[in-house]
Amino acid sequence: MLPSKPKKIRLFGSPAKVKSPQLKRKAIPTWVDVSDEEDRKQRRRQSGGGKQKHQQQPQAQSTPQHPQKQHSQISHPQAHSTPPRKKARLSGPTAPIQEQRRLLPIARGRDALVQEIRANEVTVLLGETGSGKTTQVPQYLLESGLAGAAGLIGITQPRKVAAIALAARVSAEQGTPLGGRVGYAVRFDERAGPATRIKYMTDGMLARELLGDALLSRYAVIVVDEAHERTLRTDLLLANLKRILRERNGDGKGKGKEKAANPLKVVIMSATLDAEKFSRFFSNAKIIYVKGRQHPVKIFHSVQGQTDYVDAALRTFFQIHVDQPPGDVLIFLPGQEDIESLEQAVALFARQLPAGHAEVSCAHVRRAPGRADAEDLRLGTAQRAEVHSRDQHRRDVHHHPRCPVCHRHGKSKEKRYLAGSSGGGFDTLLTRDITKSNAMQRAGRAGREGPGFCYRLYTEDAFRTMAPAPSPRSCAAASRGACSSCSASGRHAGARADGRARHRRRLLRLRTLFLLGALDSERAITKLGRAMAAFPLEPAHARALLASKDLACTAEVLDVVSVLAASGGLFVDAAAQRTGIAEARRKFVHPSGDHLTVLNVVRAYAAVGNENDTREEAEEREREREGAEEKVGRSVRKEWARAHFVNERTLREARAIRTQLVVVCRREGLDPRASCGEREEPVLLSLAHGLAQNAALIAPDGSYKQIIGQTVVKIHPSSVMADKKVPAIIYNELVYTNQIYARGVSSIPKSFFASLGAFNRREA
DNA sequence: TGGGGATTT
C-alpha cells in the first residue's frame, strides 16, 4: 500500500449532540443517586437544559497526572518500563493509600451506598468506570459489618488477571498480606485462607464452587462485577443466584424473610444500561448510580459513511496529529490484517511529515472482548502513540489522555453458535453492529484523564439505529461447557436473565452428551458421564481422555487434549512470514493430520533444554518449577517457540492444564503415564471416541460429508490435511465463514467406526 | 487458502 500524501479531507461535521444512554433515567426501577450533592445539581442542570452531553467534572476531581509534559522527549521513563495497569492508575503519584481511597468518586456516596445495600436483597450498581466501585464496595461491606462476623464477600470477575490484580490492590488498601483478609481464586492459582473475608474470583471458579455447595452458604455477599459483559457464564450465575436467594432468604413475601438464618445479598455491578435488565430480572431491584471520573468528551460523527475504514482511520489520525495538542490516539479495528496495514501506512506517512511535528510511534494492544476498562491499553509514549486494538466489538478509533477518539462503525465479528440440522451445529463468525452502550462506553474512555475527543467513523444516523445494549453471547464451546456442568450438578435452573429459552439448542446439547455416552436414553447421567464431568474439559475431550484408558495411551491423549483446551491457537501466523513459517513447521507435520502434529509440537517443546530427559524426569522437573534453573529453561523454550512460530503462551497454558488433568486422571483411575510409544492408532482411536459426532466421509466428488448430520464440510486451509483426500476424517470444530470449514482435522481409518459407541447409540 | 477474545473443583 503506497498511497500518496494524505489529503486533508474533512471527514467530520460539527460535534454531535449525543445523549449518553448511560445517564438516561427510565422510570421502571428505582434509582438512587449516591453521588454528592454538587454532582447531582450539575446533572440536573445539564439534563434540564435539554442539551446534555457528557458530564462536566468538578474541578476538584480533575487530577491530570501528566500535565502537559508530553512535549518533552522521553521524560516519562515509567511510561515505557512499567505499562501502568489498573493498580498504577488507582494509586496516585504520592498520596498515601487511605487518602487515595477517600479521593475516589465512590467514597462520597459511601454511607448512602451501604445503607441501600443493607436495605435490599439485591442491588444493581451502575457505576462508570473509574468510580472505584470494584475495589471499594467489598471493603465498605466488610467495614460496615454487612457480611456479619465471618461471612465471605465474593466478587466475580470475567478475567483471571483482573481478579488477581484487584485482590492485590485491595489487600494493600486493607494493609494485610495477599491471601489474608483479602484473597483470590482463579484456575491454577488460589490465594485465600481461613482469614479471608473478601475473595476476588473468576466467575467460572464460583460456578465450580456451586457444584460443591449449591447454596454458596459460606458467602454472605456475592458481587457480580462487569455483569454487562453478558457471557453465558455470568447469565447462568445470575440464574443460580436467583434460586439461591429464594432458598436462603425465603420468597420475600411474609414469614420466610425473618426466619432466614443465613441470608445472602447480591450486588450486580454493571457499566451500562443493561442495569435495568438486571433489575427486572431480580424483581425490580434497586439501581444505584455511582458517578465516575469522567471528563467531557466531544463526539464527532462522520458526515458520510466510510467504506474504506482503514483509509478513513489513517486520514483521521493525521488530521488529529497535525491539528490537535499532543496525546495518545487509540484506534480500534476489527482484524489483524487491518491493524497491520494501518500500522504500515502510518509509519510511512509519519516519515514524510514536515519537521516540527511530534514523532509517531505505534503499539499493538490486544483487548479482551467487551472489556470496559482502558488501563490495559495505556501504553504511554513520550510522543503521540497510536494504539490499535483488535477486538470484535470495538472497531473504533479511540483515544487516551486528552485525546481524540475515532470509532469505526460497523459490523463487529462475533462468534455464534448455529444449531445445525442434525449433527450438532457449528460456530460461525457473524458480523454484527456494535451497540450504543458499547459506543458510549468507548467514547467515555477519551475522558478518563481530562477532556477528550471521539471521532466515530460512522454517521450519526448509523449510531441512532444501533441496538441499545448487547445480548448475551453464546458459542458452541461455552454452551458445551455449561452443559457439562449443568448435567453434572443435576440440572440447574435454566432461567436466563433474558428469559429466552434456547430449548432446541439445549436438546442438541443433550443429544451430544447422549451420543458420547454421558447420558442414557432417560437423560440420566451415566457412570461414564460422571467420570467425564470430573474433568475440567469439554465433553468431547473428556470422552477421548477416558477412551485412552483401555487403549493405553493416556500420556499422548493428555498432550493433545491439553493443547486443545488451551485458549489460544498453537501456531503463530503472520502473513508477512508465511514461507518461513511453513518451512519451520514442516518438521512437526504428521501425515495423519493436525492432532498428531500437535502431539509432535508438544513433545518437541517438552524436550527443549532437556533433550536427554525421560518423561518421568521431565515431570519431576515440572514439579520444581520455581527454581532458578527453570528460568533458564524458560528463556530457552521461549526462543525455541519463537523460532518455530509456535505460540509459547499456549504451550505453557497447556502444560498447566495437563498438570491439573494428571491429578484428575489419578483420582479417576487413569494412569497418566500410560504410553503407546510411537504407535499412532490408539491415540487417533481415543480421539475418535470423543469426536465421533465430528466425523465425515469423503464423497465421490472429493468433498467431505458428515456422518451424523448431512453437512458438506471443507477442510480448513490452516490444517495440515487441507487439500488431502482420505476416506474418513474427524475434526475439532466447524467454522462457518464463507464456506463450512472443519478445523483441527485428522485422517482416520474407516474401520474405527465399528467400535465407536456413538454410532450404535445413534439409532436408539 | 483463512484467522474476535476470554474461562473451568
Side-chain angles (χ1 to χ4, degrees), chain A residues 156-163 185-190 201-213 226 229-234 236-237 332-340 365-371 376 389-395 411-416 427-432 434 473 475 477-485 488-489 533-539 541-542 562 565-575 578 582 647 653 656-657 660-661 663-664 667-668 714-723 733 735-744:
Chain A
T156 71
Q157 291 291 317
R159 273 164 297 279
K160 295 209 280 192
V161 276
V186 301
R187 192 186 189 188
F188 306 130
D189 195 5
E190 172 158 12
M201 60 215 294
T202 46
D203 41 21
M205 211 63 175
L206 190 60
R208 282 301 178 182
E209 277 197 34
L210 216 46
L211 298 185
D213 175 7
E226 314 274 12
E229 293 195 12
R230 304 302 306 274
T231 63
L232 197 81
R233 277 197 319 278
T234 20
L236 280 172
L237 180 60
F332 292 89
L333 290 165
Q336 191 176 349
E337 211 172 296
D338 293 333
I339 292 172
E340 283 170 9
V365 179
R366 284 182 182 218
R367 296 187 53 214
R371 175 151 178 128
D376 293 348
S389 166
R390 176 170 49 165
D391 175 329
Q392 85 290 6
H393 272 145
R394 334 252 133 146
R395 35 158 57 165
K411 320 293 178 180
S412 64
K413 285 181 183 169
E414 190 168 307
K415 205 171 195 175
R416 287 268 166 174
D427 280 338
T428 180
L429 280 172
L430 283 185
T431 302
R432 304 178 62 84
I434 59 171
R473 289 170 284 149
C475 56
S479 320
R480 270 184 255 137
C483 194
S484 105
S485 41
S489 60
F535 291 92
L537 289 172
E538 283 179 43
H541 299 155
S562 54
S567 48
L570 181 56
F571 294 110
V572 176
D573 211 346
R578 197 165 282 175
N647 196 337
E653 190 187 345
I657 292 170
Q660 189 186 34
L661 294 177
V663 176
V664 185
R667 206 170 57 218
E668 295 294 314
K714 197 166 188 296
I715 297 176
H716 196 278
S718 65
S719 169
V720 304
M721 294 300 293
D723 302 323
E733 60 173 356
V735 184
Y736 177 70
T737 46
N738 46 46
Q739 294 187 73
I740 298 173
Y741 287 107
R743 275 207 294 216

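The figures here come from the full heavy-atom set of this structure, side chains too, leaving out hydrogens, waters and symmetry mates. Chain naming here is simple, since letters A, B, ... match the order of the sequence lines and numbering starts at 1 in each.
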Do any side-chain nitrogens or oxygens of A:R187 fall under 4.0 Å of OP1 or OP2 in B:dT9?
yes

For A:V664, which contact category applies under a 4.0 Å heavy-atom criterion: base, sugar-phosphate, or nothing?
nothing

Could you give the CD1-to-C1' distance, from A:I657 to B:dA6, as a whole number of Å?
13 Å

Nearest-Å distance, CE (A:M721) to P (B:dG2)?
18 Å

Measure OH/A:Y741 against P/B:dT1 and give the value in whole Å, please.
8 Å

What nucleic acid atoms does A:A534 come within less than 4.0 Å of, heavy atoms only: base, sugar-phosphate, or nothing?
base

Mind checking the CG-CZ spacing from A:D203 to A:R159? Nearest 0.5 Å is all I need.
9.0 Å

Does a side-chain N or O of A:Q660 approach OP1 or OP2 of B:dT9 to a distance below 4.0 Å, or not?
yes

Rounded off to whole Å, could you give me the CZ-to-C1' distance for the A:R667 and B:dT9 pair?
7 Å

Distance below 4.0 Å between A:K160 side-chain N/O and B:dT8 OP1 or OP2
yes

Separation of B:dT1 C1' from A:F571 CZ (nearest whole Å)
16 Å

To the nearest angstrom, how far is A:M205 atom CE from B:dA6 atom P?
19 Å

Which residues pass the ring pair (Phe, Tyr, Trp, His ring centres under 6.0 Å) test with A:Y741, sequence neighbours left out?
A:H716

As a test of reading the structure: which of B:dT1, B:dA6, B:dT8 is closest to the side chain of A:V186, going by heavy atoms?
B:dT8

A:D203 has an atom CG; how far is it from atom P of B:dA6, in whole Å?
15 Å

Taken to the nearest 0.5 Å, the spacing of A:T156 OG1 from A:E209 CD works out to 11.5 Å

Determine the contact category for A:T202: base if any of its heavy atoms lies under 4.0 Å from a base atom, sugar-phosphate if only primed atoms, P, OP1 or OP2 are that close, otherwise nothing.
sugar-phosphate

Closest contact, heavy atoms only, A:R208 versus A:A533:
NH1-O, 4.5 Å

If you round to the nearest 0.5 Å, how far is CG of A:L537 from CD of A:Q660?
8.5 Å

Value in whole Å for how far the C1' atom of B:dT8 lies from NE2 of A:H541
14 Å

